[in-house]
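Working notes for the structure below.
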Amino acid sequence: MDLKGQNVAPHPPARWDLEADVVVIGAGATGLPAAIVAREAGSSVILVEAEADIGGHAITSGGNVPLGGGTSVQRQYGIEDSPDLLFRDLTDWSVVGPNGFPDYRFNDREIIRAFADHSAAAFEWLLAHGVIFVDKAPDAFGGNSVGNSVPREMHCAVMDWPTVQTGKPADPAVQKTRSSGNGLMRPLEVAARKAGVETLLEHRMTRIYRQTPTSGPVLGIAVHHKGANLNIRARKAVIIGTGGSTGNVNFRRMFDPRLTHEYCGLAGMPWYDQDASGELAAMSIGASLWGLFNQTGEFGSALTKPGSIGCQYNYRNLQWMPRSRVFERARASGLKVADWQDVILVNMLGRRFYDETGGQFISNNYNSVDPYVQGSYLNAKNFKYSPNNFLNAALAGIDDGHNGGGPIWAIFDSDAIAREGWEPNPPNVDIAAGFFFAANRLSDLAEKIVMQHQRVPMPPANLEETVARYNSFVDSGVDEDFGKPRPMYRIANPPFYAAWATPVVHDTRAGLRINARCQVIDMTGEIIPGLYCGGESAGGFSQHGLARAACQGYIAGHAAAGAPLLDDAG
Ligand SMILES: Cc1cc2nc3c(=O)[nH]c(=O)nc-3n(C[C@H](O)[C@H](O)[C@H](O)COP(=O)(O)OP(=O)(O)OC[C@H]3O[C@@H](n4cnc5c(N)ncnc54)[C@H](O)[C@@H]3O)c2cc1C
């Protein structure tokens, strides 16, 4: 999408094409709940969605939802949780990962308090709006930065909705036990229709209008639809639920200059691109960003190791299959790696850079610190220090003064193919766009690696030397360069392969400044009247995903429609 000029405040239009009380941007985990809540509170609602289908990253997700604070299911299983316990968990300064990075220290207390107070209500609201959760006790699986004290993770049953990844329903045997974002978003789509939300697909918001560029209330938005521009007036409020910024290279590099364009395999893409359009449109009318450390902190899933190789979209928990609606954009499913012992990973110059079995950053969940006492200095001491530096080594680059680590290639031979049971042909691998190469000699393989992100040729002698040295480590049983554990395997049996294995950018954990009611705040600390935001486009809350998005959508929908929230009672 061309975002040029999006940071320039537009003048309100002379004519409105459509209007509603509340206009919601983005039909994802924030936008759909916000739209339904506002409509059920009596407001007319227009929900605009850029893509041809609803769902956002939420529909591609694992459907693991850490809403807690005393839900009916927590009570059913005898788990004692409360808004206060949840609040203290998510603001605990003393929790750090093994690499010393804190999950919660930089969370905004006002925003977390609102989440803690409305978390259980948002969960019950999802139940009441058709979401079916897997029938088991809350656990610690699938979320991250969700608090240490008690299990809070619930899982949306996939049921018989065709999944967006495969284009077909899951096996009936697992429909009630497998967790998936389809099981969250399809019921909400039905609920939105039932409530009378007017959903406009393929309507991409391009501008937010305010009375004057930096003062007065928000008046509406501009959208682009099939070559035409329309203006939609919002009588009461506009809610931003556009899902974050990691797909916008210039925007994400404000947080981390290393994240240059080769990090192109974003999680959740190509279902939709997190292009920062919500943030940019709000910033152009004065909005502030917030909680920026949470984006660069080395915990959780902002950056991940790939799970599949040989394709562009290689997030470890998401493989696009040929019957998916977006397979034409994804082009290949990738080869899922069961054991990183089966490959070596090299940089653009054909050099190894780390133990290939190394992991990514981790985050705090139930029982990660054990024993755990909220706020105790001992929590940080209960971890054995481990730098978790695989990703940093991959992003370190080739010492030529450029930012970004460049492509990372998995190099392997036909024995590895047999061990992994891979089928190294399309549609599993993307040969046409240059994400997979094969050759009978290592030197030929290095020469073949030509693609848009490989900005220097890989010297054939380097790759031969790297493999020969690695094979000598296999023979001696000791990886003298990176301490990779055994068993290692020789790379010797042609054909040889090079498969794209570059790290993946995933979550946005920093965005627009909001208050407890999800109202967007400007650079002078004032509320921008009529503008709300939640989910990955909002800042101040370090937590992976669905729970904060759904809960903030729930809060924003109430507040935008002028409906009472829990804390209004007192
Ligand atoms: C593969 C994967 C697995 C995940 N698994 C989990 C999990 O198990 N548990 C968990 O808690 N989190 C998970 N997450 C994260 C979670 O899905 C997201 O954090 C959550 O969906 C964010 O909600 P959101 O409303 O901010 O954005 P989204 O749900 O992504 O929705 C944003 C919507 O806005 C639309 N949009 C964007 N720009 C515009 C525009 N200019 N005009 C109109 N519409 C626009 C998009 O098309 C999209 O539909 C996962 C994410 C991925 C990618």
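The figures here come from the full heavy-atom set of this structure, side chains too, leaving out hydrogens, waters and symmetry mates. Every number for a ligand or one of its atoms is a count from 1 in the order of the listing.
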Margin query: Quiz question: by atom type and distance under 3.5 Å, do the side chains of E40 and H129 form a donor-acceptor pair?
Written below: yes
Heteroatom proximity flag, [X] to ligand 1, N/O under 3.5 Å:
{"X": "T60", "answer": "no"}
{"X": "Y272", "answer": "yes"}
{"X": "H506", "answer": "no"}
{"X": "A29", "answer": "yes"}
{"X": "E49", "answer": "yes"}
{"X": "I25", "answer": "no"}

Margin query: What verdict does the side-chain contact (heavy atoms from CB on, under 4.5 Å) test give for V326 and V164, after you've listed the backbone C-alpha separation in whole Å, the side-chain angles of each residue and the deciding distance to 0.1 Å?
Written below: CA-CA 8 Å; V326 295; V164 295; over 6 Å; no
Which option, [options], owns the non-hydrogen atom nearest [atom]?
{"atom": "atom 50 (C) of ligand 1", "options": "G142, S61, G28, G241", "value": "S61"}
{"atom": "atom 40 (C) of ligand 1", "options": "E51, M205, Q319", "value": "M205"}
{"atom": "atom 48 (C) of ligand 1", "options": "G55, G534, G143, G56", "value": "G56"}

Next item on the list: Could you tell me whether a side-chain N or O of Y272 sits under 3.5 Å from a main-chain N or O of T242, the two making a donor and an acceptor?
Entry: yes
Item checked: W340-F390 aromatic ring centre distance below 6.0 Å -> no
Margin query: Walk me through whether R509 and S542 qualify under side chain to side chain donor-acceptor pair (under 3.5 Å).
Written below: CA-CA 6 Å; R509 291 201 189 193; S542 170; 3.0 Å; yes
Margin query: With a cutoff of 4.0 Å, is H203 in contact with ligand 1, counting heavy atoms of the residue only?
Written below: yes
